[in-house]
Amino acid sequence: MEKLTPSQLERIYIHLLAASPDNVLQEELLDHLACEVEHLINAGQPFEKAWSEVSGEASIISVRCLKKRYQNELTLSGERLQQADLTELVFEYRNKAYGAYPLRQAYPTHIVNALLAGTGIFIILLAGLTLLTS
Amino acid sequence: MESSSYEFLRGTLKTIVLKLLAEQGRMYGYQITQSVKERTGGEILLTFGALYPVLHKLEQEGMLVTESEEVEGRLRKYYSVTPLGSQTADEKVSEFERFVGLMRILLQSPPDVALGQ
């Protein structure tokens, strides 16, 4: 079984990024297209030929078309929409695994923790200072 | 397969995917397209554009669960059915078989009797 090299994988990834930079399906599509290319390579084609065939089918237009269909299919509705917060709405069709989503989700907790810690340290310092001066 | 058949496929895609996953256990996207292709002798080709929205929709509805694994330096997402999903697969398949039966009756040339007499 022939496997793609990291630089060949990167070419597929760049193609997908060009089609839609924040696609929620990015990782899955990368694996899917890589599997298709490997399939053709195992059937005896060189990488360049295999990739040009696969990228012809997975053109920038068809990837964008997929994104649109995905959005139609998975739009938040009904109860889920009622319960969704701003972060949920902003990241509805975006790549949640990238990192910004968990950061935003944890933001309220971070604020409360920081406020409590800040107040605590301030009170301790103030108490220490009062003890020293008295 | 004729491109017009895609119209028929669209309504049955959920059934196909659920049934396949209920039978085979864990599969990833490309594997599903290959399995459908092999079973139908290359007649039905699922495109990634049709498949992934359905998979994610089924996951959202609680019919499928996913697990990601790193394979050969890339992330591979495996899907498998939940109990709800496998129950739905059975229901959908029997519903669809009933529908196919009815369609067959409809499409047969009518028996040689005068109607309404």
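Quantities reported herein were computed from a predicted structural model and do not represent experimental measurements.
We find that Glu10(A) and Arg74(B) are not joined by a salt bridge, their nearest charged nitrogen and carboxylate oxygen being 4.0 Å or further apart.
Both Leu51(B) and Met63(B) belong to a common hydrophobic cluster when Ile, Leu, Val, Met, Phe, Trp and Tyr are linked at side-chain heavy-atom distances under 4.5 angstrom. Side-chain heavy atoms closer than 4.5 Å link hydrophobic residues (I, L, V, M, F, W, Y) into clusters, and following such links, possibly through other members, connects Leu55(B) to Met27(B). The cluster map of Ile, Leu, Val, Met, Phe, Trp and Tyr, joined by side-chain heavy atoms under 4.5 Å apart, puts Tyr79(B) and Leu13(B) in the same cluster. Leu20(B) and Tyr78(B) end up in different hydrophobic clusters when Ile, Leu, Val, Met, Phe, Trp and Tyr side chains are linked at under 4.5 Å. Taking hydrophobic clusters as Ile, Leu, Val, Met, Phe, Trp and Tyr residues chained together by side-chain heavy-atom distances below 4.5 Å, Leu9(B) shares a cluster with Leu66(A).
Listed here is the closest heavy atom pair of Tyr52(B) and Tyr70(A): O-CE1, 4.4 Å. Taking both residues in full, the closest heavy atoms of Arg69(A) and Gly49(B) are given as NH1-O, 2.8 Å, listed atom of the first, atom of the second, then distance. Counting all heavy atoms, side chain and backbone alike, Leu75(B) lies closest to Asp31(A) at O-CB, 3.7 Å.
Of the two parts of Ser68(B), neither the backbone nor the side chain holds a non-hydrogen atom closer than 4.5 Å to a non-hydrogen atom of chain A. Contacts between Glu61(B) and chain A at a heavy-atom distance below 4.5 Å are absent for every atom of the residue.
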| Verdict with reasoning, Gln34(B) to Glu36(A), per side-chain contact (heavy atoms from CB on, under 4.5 Å) | CA-CA 10 Å; Gln34(B) 284 306 96; Glu36(A) 281 187 352; over 6 Å; no
| task | Could you please spell out the steps behind the side-chain contact (heavy atoms from CB on, under 4.5 Å) verdict for Cys35(A) and Arg76(B)? | result | CA-CA 10 Å; Cys35(A) 283; Arg76(B) 183 161 289 172; 3.3 Å; yes
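Heavy atoms of other residues, nucleotides or ligands lying less than 6.0 angstrom from NZ of Lys37(B) number 12 at most. Annotation: Ile61(A), atom CD1; neighbour count of heavy atoms from other residues, nucleotides and ligands within 6.0 Å does not exceed 12.
Between His32(A) and Tyr28(B), the ring centre distance reaches or exceeds 6.0 Å.
Note that CD of Glu57(A) and CZ of Phe48(B) are 8.0 Å apart. Values are rounded to the nearest 0.5 Å.
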